[in-house]
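These notes concern the structure reproduced below.
Excluded from the calculations below are hydrogen atoms, water molecules and symmetry mates; all remaining heavy atoms, backbone and side chain alike, are included. Starting from 1, each residue takes its place in the sequence as its number.
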Amino acid sequence: MSHARGNGTVEQAKPDPFELLEEELHGAGYDLAGGAWARLKAECSVVEFPRRAEIFPIGIIPREILFVASGVAAATFLAEDGTVYIYRFFEPGHLCTAISSAWRHEPTADAIVAATEVRGLLIPLETWKRHYSREGLLGDYFREKLIETLLFDKDIILTKTSKSTEAAYSLLEVQQPEVLRQVPQKLVAQFLGLTPEGMSRFLRNREKAR
């Protein structure tokens, strides 16, 4: 049993993550006929994490990928001075794990935590890799999701490199509005590199400028 499975409570939560994943596959034009979907359902687990729970802690070798069905997860890293930084968020429909550590079988240097209550599906890494490397609807879907993740990561890097708080906040507004609706403001501040006071000041000045 993995760390992620131990920290989450396996139960049939509402909304049903399997139904949401099925809807997403249908919406993207993927045909679910055949046994691949049934096998995937048999291999995955429905999980629920309370806010602030560690989904994938620092120092483990991840053995699963989380499909987020509801709530928001945050990817964090710990600086040498003890400061915790958030470098990205995962919303419903996203796949998240420390994929480079999982693929290389190396301990993680960062963590993924529940920024809100999170429900989703834990997909075993070996299941994901099996589908990813083959033709078929699930392989196509997993490859598309990985490309989406990499492209968004690039957007984040370019935005953070600009050192513009406005640009980083606008990125959330446009591409991750669910984060601003659900996530506590102090966590959004961590993503922006602001103190809670600085965040309040930024929002006040932003409102005045409109």
Side-chain angles (χ1 to χ4, degrees), residues 1-57 60-75 88-105 108 111-153 176 178-179 182-183:
M1 187 172 293
S2 73
H3 288 263
R5 195 182 303 277
N7 284 337
T9 302
V10 178
E11 57 183 49
Q12 195 71 9
K14 294 181 180 181
D16 181 0
F18 282 114
E19 290 181 2
L20 291 175
L21 178 56
E22 188 173 12
E23 288 173 7
E24 182 163 306
L25 286 164
H26 273 304
Y30 292 110
D31 182 7
L32 294 176
W37 175 244
R39 287 194 295 273
L40 180 70
K41 290 180 69 174
E43 294 171 355
C44 297
S45 300
V46 177
V47 290
E48 183 173 355
F49 298 91
R51 189 163 70 90
R52 294 191 293 272
E54 289 187 316
I55 299 172
F56 297 103
I60 68 161
I61 298 175
R63 303 187 188 281
E64 293 142 333
I65 291 175
L66 177 70
F67 169 76
V68 180
S70 64
V72 177
R88 73 156 295 163
F89 293 103
F90 298 92
E91 290 185 312
H94 288 175
L95 294 173
C96 68
T97 193
I99 189 63
S100 59
S101 297
W103 194 272
R104 297 169 182 166
H105 300 283
T108 60
I112 295 177
V113 301
T116 68
E117 290 185 358
V118 172
R119 292 187 180 120
L121 290 177
L122 281 181
I123 304 171
L125 180 66
E126 292 307 313
T127 297
W128 181 83
K129 290 172 71 172
R130 186 176 73 244
H131 287 290
Y132 180 88
S133 60
R134 295 179 183 176
E135 295 297 323
L137 70 95
L138 289 171
D140 291 343
Y141 173 76
F142 287 147
R143 287 189 290 274
E144 181 180 321
K145 281 296 184 183
L146 182 60
I147 291 171
E148 286 179 4
T149 298
L150 294 174
L151 290 175
F152 185 60
D153 284 348
Q176 292 196 303
E178 205 61 32
V179 169
Q182 293 192 42
V183 173

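- Listed by chain and number, the residues in a side-chain contact (heavy atoms from CB on, under 4.5 Å) with E117 are E48 (sequence neighbours excluded).
- In this structure, L95 and W128 have side chains that are in contact, with non-hydrogen atoms separated by less than 4.5 Å.
- Between P17 and G120, the closest heavy-atom pair is CG-O, 3.7 Å.
- You'll find the side chain of I65 stays beyond 4.5 Å of the side chain of F142, heavy atoms only.
- For the atom pair R88 CZ and T149 OG1, the distance stands at 5.5 Å (nearest 0.5 Å).
- The minimum heavy-atom distance between F90 and A75, with the atom names listed, is CE1-CB, 3.9 Å.
- When the ring-ring contact (aromatic ring centres under 6.0 Å, His included) test is applied to F67, no partner is found at least two apart in sequence or on another chain.
- With values rounded to the nearest 0.5 angstrom, L151 atom CG is found 7.0 Å from I147 atom CD1.
- By the salt bridge (charged side-chain N to carboxylate O under 4.0 Å, His left out) test, R39 pairs with no residue at all, sequence neighbours left out.
- S45 places no side-chain N or O within donor-acceptor distance of the main-chain N or O of L122, the cut-off being under 3.5 Å.
- Atoms NE2 and NZ, from H94 and K145 in turn, are 6.0 Å apart once rounded to the nearest 0.5 Å.
- For the pair R119 and V46, the minimum side-chain heavy-atom distance is 4.5 Å or more.
- Of the possible polar contacts, one joining the Q176 side chain to the F89 backbone as a donor-acceptor pair under 3.5 Å is found.
- You'll find the side chain of I55 stays beyond 4.5 Å of the side chain of V47, heavy atoms only.
- Looking at every heavy atom in both residues, G71 comes nearest to T116 through CA-OG1, 3.2 Å.
- The minimum heavy-atom distance linking V72 with E178 is given by the pair CG2-O, 4.4 Å.
- Applying the side-chain contact (heavy atoms from CB on, under 4.5 Å) test to S101 and every residue at least two apart in sequence or in another chain returns P62, A98, T108.
- Here the shortest heavy-atom pairing between S70 and P92 reads CA-CG, 3.9 Å.
- Remark: K41 engages F18, W37 in a side-chain contact (heavy atoms from CB on, under 4.5 Å) (not counting sequence neighbours).
- Separation of atoms CG (L21) and CG (D16) is listed at 10.0 Å; rounding is to 0.5 Å.
- Checked by atom type and distance alone, the side chain of R143 pairs as donor or acceptor with a backbone atom of Y132 at under 3.5 Å.
- Residues that satisfy the side-chain contact (heavy atoms from CB on, under 4.5 Å) test with R51, not counting sequence neighbours, are P184.
- Of all non-hydrogen atoms in A69 and L20, the two that sit nearest each other are O-CD1, 3.4 Å.
- Here the CD-CG distance, from E64 to L121, works out to 11.5 Å after rounding to the nearest 0.5 Å.
- T127 OG1 to H131 NE2: the interatomic distance, rounded to the nearest 0.5 Å, is 6.0 Å.
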